[in-house]
Asker: 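Handing you a structure now.
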Amino acid sequence: MSKFQAPKGVSEYFPPNSDQFEYVRDHLLTAAKLAGYSLIELPVFEDTEVFTRGVGESTDVVSKEMYTFEDRGGRSITLRPEGTAGVMRAVIEHNLDRGQLPVKLFYTGPFFRAERPQAGRYRQFYQVGIEAIGYNDPEIDVEVISVADTAFKALGLKQYKLNITSLADAKSRDNHRKDLVKFIAGLKLDEATIERAKLNPLRLFDDKRDEIKNAMSKAPLLLDYLSSESKSHFEEVKRLLSEINIEYTINPRMVRGLDYYTGTTFEFDHALLGAQSGIGGGGRYDGLMTSLGGAEVSGIGFGLGVDRILMACLAEESLPSTINQIQLFVVPITDSGKSVGFKLISQLRDAGISCDLAYGDRGLKGGMKAADKSGARYCLVIGDDEISSGKCELKLMSSGEVISSSLAVSDLISRLGNSK
RNA sequence: GUGGGCGUAGCUCAGCUGGUAGAGCACCCGGUUGUGGUCCGGGAUGUCGCGGGUUCGAGCCCCGUCGCUCACCCCA
């Protein structure tokens, strides 16, 4: 056992499997770019207040899961537990909402929550998120959802499910909350559950215990309290989802852990992930901008869990067997072969062809083994024969088939370039 | 923060009612003075998580401790 270990509960990715992580993240980012979202790169730490005011003091995320510390200037700093609040801080600070709307942004990177780790739940984890700020068109709601859906499909995922609901506007929520609190007061509950309900009565909809589920089956649902405006918005969202063939389940009992959500709210679950099955979620946030000191502008976005989506892809075996395959592996078997090969890979790389060389004087057999392990598409042996004749063979590793070539870089480039 | 399971080779694990540690995979070398994967032969590798206790003797039993893991709460 080595002396040092990574801090508890962090996810780490290293070869040979880190390319799978990269593959998943790239597909999520590609889907965002495909829909016109642009990168926003932000610090992983913020003024603690960005989160206490943005995410909400009463949430678990803020009240017990944040990595908060004092910096050397005595400021309270927090490692970001989620992405949206920081994005809104930057939007306000840099007046990004003063130009043409909507502002469409994507981000990726590590996030931090000080929870007890378990399968699919890490203290440092990775998200890809997008935010569309400026309008509250139902089309934008559906666009955001479809970006996630497109990415999941591109990754070959099938066993995931979209849950949606509407958390409506403040007035609808207040009306519902009053009735819900009244309803809960009539139930026989244990101390801890009563405390939970005080914090947020909606939480009880999420309880996993059967007796609570049964009791809550007759509870008043927010969806029955929607104002006509919220209702027609939600109806339109559902219609648009159907129009672009995105399947969804209306889940009026869905609960989200962040306070800022209003209106359309959604979650993606994966069937094969065990207890932590959420692979992404998001929703609209009407009050967030103003609570952080900005203009009254509506926005919607999502956060996708890269770690969990990778787990889902592995569970469904949806990833390609070779990722980031290099084109050529050069095996030198003499000193002069090594010298020629070394120059060769430099020139090929300049031409944009990925290649590598067998280092370490391991001889032909060792070099071929290295070629095999590298996963390269082709290998090329260079010894004295090749150098004197100027001819060589490109061996297709998968089949053993051999292509004759000259050692001239231009010939190799054209043969390797065409073989993609 | 609460509860369960588990810590033995780089990895996955076996190790009988306590008797001084093993397998498979991976790695290295060779069989094949110039072609990898399969096959065959050979080789290296461990303070059995750590500390204490019981015992003639502990990988195994007891206590403590650290770590990992799964689940609860909650979330990506």
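Labels below follow one simple rule: chain letters A, B, ... track the order of the sequence lines, proteins then strands, and each chain is numbered from 1.
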Asker: Tell me what Gly367(A) touches on the nucleic acid: a base, only sugar-phosphate, or nothing, going by heavy atoms under 4.0 Å.
Answerer: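 Gly367(A): no heavy atom of the nucleic acid under 4.0 Å.
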Asker: For Tyr67(A) and Glu65(A), which I'm curious about, is there any donor-acceptor pair between the side chains at under 3.5 Å?
Answerer: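 The criterion, which ignores hydrogens and geometry beyond distance, is not satisfied for Glu65(A) and Tyr67(A).
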Asker: Does Asp269(A) reach a base, just sugar-phosphate, or nothing at all? Heavy atoms under 4.0 Å.
Answerer: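 Nothing: the residue Asp269(A), judged by heavy atoms under 4.0 Å, touches no strand.
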Asker: Which of these nucleotides, C70(B), C68(B), G1(B), is closest to any side-chain atom of Gln118(A)?
Answerer: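 Minimum distance to the Gln118(A) side chain belongs to C70(B).
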Asker: At under 4.0 Å between heavy atoms, what does Arg203(A) touch on the DNA or RNA strands: base, sugar-phosphate, or nothing?
Answerer: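 Sugar-phosphate, backbone atoms only, no base.
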Asker: Name the nucleic acid region contacted by Asp385(A), choosing base, sugar-phosphate or nothing; use a 4.0 angstrom heavy-atom cut-off, strictly under.
Answerer: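 Base, at least one base atom sits under 4.0 Å.
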Asker: Does the base of G31(B) carry an N or O that pairs as donor and acceptor with the side chain of Lys365(A) under 3.5 Å?
Answerer: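 Counting by modelled atom types and ignoring angles, a donor-acceptor contact under 3.5 Å is found here.
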Asker: What is the separation between atom CG on Asn17(A) and atom P on C11(B), rounded to the nearest whole Å?
Answerer: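 My rounded result for the distance is 15 Å.
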Asker: Using a heavy-atom cut-off of 4.0 Å across all strands, would you classify Gly366(A) as base, sugar-phosphate, or nothing?
Answerer: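 Counting heavy atoms under 4.0 Å across all strands, no contact is made by Gly366(A).
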Asker: Using a heavy-atom cut-off of under 4.0 Å over every strand shown, decide if Glu65(A) touches base, sugar-phosphate, or nothing.
Answerer: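 Sugar-phosphate: the residue Glu65(A), judged by heavy atoms under 4.0 Å, touches backbone atoms but no base.
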Asker: Does the side chain of Asp356(A) come under 3.5 Å of the side chain of Ser374(A) through a donor N or O and an acceptor N or O?
Answerer: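 Ser374(A) and Asp356(A) do not have a side-chain donor-acceptor pair below 3.5 Å.
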Asker: Does Gln124(A) get its side chain close enough to the base of A76(B), under 3.5 Å, for a donor-acceptor pair?
Answerer: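 Between A76(B) and Gln124(A), which were checked side chain against base, a qualifying N/O pair under 3.5 Å is absent.
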Asker: What's Ala119(A) touching, base or sugar-phosphate or nothing? Going by heavy atoms closer than 4.0 Å.
Answerer: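 Answer is sugar-phosphate: Ala119(A) comes under 4.0 Å of backbone atoms only.
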Asker: Please measure how far the P atom in G24(B) lies from the corresponding atom in A44(B), and state the result in whole Å.
Answerer: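 My reading of the P atoms in G24(B) and A44(B) gives 15 Å.
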Asker: Has the side chain of Lys395(A) got a donor or acceptor that lies under 3.5 Å from a partner of the other kind on the base of G36(B)?
Answerer: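 Looking at the base of G36(B), it does pair with a donor or acceptor on the side chain of Lys395(A) (distance under 3.5 Å).
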Asker: With sugar-phosphate meaning primed atoms plus P, OP1 and OP2, does Ser11(A) contact a base, only sugar-phosphate, or nothing at under 4.0 Å between heavy atoms?
Answerer: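 Since no nucleic acid heavy atom lies under 4.0 Å of Ser11(A), the category is nothing.
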Asker: Ignoring hydrogens and angles, are the base of G34(B) and the side chain of Glu386(A) linked by a donor-acceptor pair under 3.5 Å?
Answerer: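 Looking at the base of G34(B), it does pair with a donor or acceptor on the side chain of Glu386(A) (distance under 3.5 Å).
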Asker: Taking only side-chain nitrogens and oxygens of Lys8(A), does any of them come within less than 4.0 Å of OP1 or OP2 of G67(B)?
Answerer: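 Answer is no, no contact under 4.0 Å.
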Asker: From CD of Gln276(A) over to P of A71(B), roughly how many Å is that when rounded to an integer?
Answerer: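 In whole Å, A71(B) P lies 7 Å from Gln276(A) CD.
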Asker: Look at all strands and tell whether Ile279(A) reaches a base, only sugar-phosphate, or nothing, counting heavy atoms closer than 4.0 Å.
Answerer: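 Sugar-phosphate contact only.
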Asker: Which one, G37(B), U35(B), C27(B), comes nearest to the side chain of Lys373(A)?
Answerer: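 Selected nucleotide: C27(B).
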Asker: How is Phe111(A) classified with respect to the nucleic acid when contacts are heavy atoms under 4.0 Å: base, sugar-phosphate, or nothing?
Answerer: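 Nothing, no nucleic acid heavy atom in range.
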Asker: Counting the atoms with a prime plus P, OP1 and OP2 as sugar-phosphate, which does Arg123(A) contact under 4.0 Å by heavy atoms, base, sugar-phosphate, or nothing?
Answerer: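 No contact.
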Asker: Within this structure, what is the CG-to-C1' distance between Leu162(A) and A76(B), rounded to whole angstrom?
Answerer: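 About 16 Å, once rounded to whole Å.
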Asker: Answer yes if the side chains of Thr78(A) and Glu46(A) hold a donor-acceptor pair under 3.5 Å, and no otherwise.
Answerer: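 The criterion, which ignores hydrogens and geometry beyond distance, is not satisfied for Glu46(A) and Thr78(A).
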Asker: Between Pro7(A) and Gly274(A), who's closer to the 5' end of RNA chain B by nearest nucleotide?
Answerer: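 Its nearest nucleotide being more 5', the pick is Pro7(A).
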Asker: Nearest heavy-atom pair of Arg256(A) and Gly281(A): which atoms, and what distance?
Answerer: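 Of all heavy-atom pairs spanning Arg256(A) and Gly281(A), the closest is NH1-C, 3.4 Å.
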Asker: Please compare Ala6(A) and Ser399(A) by the position of their nearest nucleotide in RNA chain B and report the one closer to 5'.
Answerer: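 Result: Ser399(A).
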Asker: Taking atom types as modelled and ignoring hydrogens, do the side chains of Arg284(A) and Thr265(A) form a donor-acceptor contact shorter than 3.5 angstrom?
Answerer: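 Per modelled atom types, Arg284(A) and Thr265(A) side chains form no pair under 3.5 Å.
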Asker: To the nearest Å, how far apart are Arg362(A) CZ and U35(B) P?
Answerer: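 Atom CZ in Arg362(A) sits about 17 Å away from atom P in U35(B).
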Asker: Does Arg116(A) make a side-chain N or O approach to OP1 or OP2 of U69(B) shorter than 4.0 Å?
Answerer: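 No, because none of the side-chain N or O atoms of Arg116(A) sits under 4.0 Å from OP1 or OP2 of U69(B).
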Asker: From C68(B), A76(B), G34(B), pick the nucleotide closest to the side chain of Gln5(A)?
Answerer: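 Closest nucleotide to the Gln5(A) side chain: C68(B).
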Asker: Please walk me through it: do Tyr37(A) and Phe106(A) pass ring pair (Phe, Tyr, Trp, His ring centres under 6.0 Å)?
Answerer: CA-CA 6 Å; Tyr37(A) 290 75; Phe106(A) 74 85; 7.9 Å; no
